[in-house]
Colleague: 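Structure below; questions to follow.
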Amino acid sequence: MGRGAQRALAAARALDDVVSDQLPVVAALPEDLRARAADYLAELVMLAQAYRHYAQGWISRNELALRGRATTDRLAGMRLTRPATAHLTEQD
């Protein structure tokens with residue numbers, strides 16, 4: 001296995017760890033926030049899968065880069081359409 005594939009698998013594992021670490025936190029959130037957080041985690045899961053596909057040689061480096069940019073664009077879009085502080089009041 002080449003160095004690029006090894007790095008891709010390491011990145012996928014790191015993303016998996018982030019998702020695994022956040023699952024208990026997400027489960028404890030109120031339903032409206034839980035759905036939002038789950039959407040973020042789902043994006044990370046899909047990105048980790050893209051890294052695995054690259055490591056297997058199923059997609060090119062360019063395709064991996066495209067998928068990474070698409071993920072960051074979707075995450076940024078989620079943040080813009082559903083700001084984290086939207087539920088806070090002046091007293092919070």
Side-chain angles (χ1 to χ4, degrees):
M1 182 178 303
R3 186 172 167 92
Q6 290 174 353
R7 286 193 312 253
L9 289 176
R13 282 190 297 273
L15 289 166
D16 290 341
D17 289 345
V18 168
V19 171
S20 293
D21 291 346
Q22 292 303 309
L23 285 175
V25 174
V26 171
L29 291 172
E31 186 175 346
D32 59 329
L33 297 176
R34 186 172 48 232
R36 178 176 185 246
D39 288 344
Y40 276 90
L41 294 182
E43 289 293 336
L44 297 181
V45 168
M46 291 189 302
L47 183 58
Q49 191 62 34
Y51 274 100
R52 286 188 193 86
H53 289 168
Y54 172 74
Q56 290 295 319
W58 296 344
I59 63 172
S60 68
R61 179 183 293 176
N62 288 339
E63 179 62 24
L64 177 61
L66 287 172
R67 292 182 188 192
R69 280 192 296 275
T71 298
T72 57
D73 289 346
R74 284 190 300 271
L75 290 173
M78 285 181 208
R79 191 168 181 202
L80 290 174
T81 60
R82 297 183 283 179
T85 58
H87 67 284
L88 298 179
T89 65
E90 191 173 303
Q91 293 176 330
D92 291 335

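All residue numbers refer to positions in the sequence shown, counting from 1. Note that the structure is a prediction, hence the values are computed from the model and not measured.
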Colleague: Quick check: closest heavy atoms across Ala12 and Ala48, and the distance to 0.1 Å?
Modeller: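 It is CB-O, 3.6 Å.
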Colleague: Are side-chain heavy atoms of Glu43 and Met78 found at a separation under 4.5 Å?
Modeller: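 They are in side-chain contact.
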Colleague: What distance separates Asp16 CG from Asp21 CG, expressed to the nearest 0.5 Å?
Modeller: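 Asp16 CG to Asp21 CG: 10.5 Å, rounded to 0.5 Å.
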Colleague: When rounded to the nearest 0.5 angstrom, what distance separates OH in Tyr51 from CZ in Arg13?
Modeller: 13.0 Å
Colleague: Minimum heavy-atom separation for Leu33 to Leu29, with atom names?
Modeller: O-CD1, 4.0 Å
Colleague: Got a sec, which residues hit side chain to side chain donor-acceptor pair (under 3.5 Å) with Gln56, two or more places apart in sequence or on another chain?
Modeller: none
Colleague: Following the transitive rule for hydrophobic clusters with a side-chain heavy-atom cut-off under 4.5 Å over Ile, Leu, Val, Met, Phe, Trp and Tyr, establish whether Leu23 and Leu47 coincide in one cluster.
Modeller: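 Yes, one cluster joins them.
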Colleague: Any non-hydrogen side-chain atom of Arg52 less than 4.5 Å from a side-chain atom of Trp58?
Modeller: no
Colleague: Please indicate whether Tyr54 has more than 12 foreign heavy atoms, meaning atoms of other residues, nucleotides or ligands, lying under 6.0 Å from its OH.
Modeller: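 Yes, because the 6.0 Å sphere around OH of Tyr54 holds more than 12 heavy atoms from other groups.
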Colleague: Report whether Val26 and Val18 are members of the same hydrophobic cluster (ILVMFWY, side-chain heavy atoms less than 4.5 Å apart, transitive linking).
Modeller: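 They do share one cluster, since a chain of ILVMFWY contacts under 4.5 Å joins Val26 to Val18.
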Colleague: Is it possible for you to say whether Leu9 and Val19 belong to one hydrophobic cluster, with membership spreading through side-chain heavy-atom contacts below 4.5 Å?
Modeller: no
Colleague: Got a second to check how far Asp39's CG is from Arg74's CZ, nearest 0.5 Å?
Modeller: 11.0 Å
Colleague: Under a 4.5 Å side-chain heavy-atom rule over Ile, Leu, Val, Met, Phe, Trp and Tyr, are Met46 and Leu66 clustered together?
Modeller: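 They do not share one cluster, since no chain of ILVMFWY contacts under 4.5 Å joins Met46 to Leu66.
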Colleague: Working to the nearest 0.5 Å, report the span between CZ of Arg67 and CG of Leu64.
Modeller: 8.0 Å
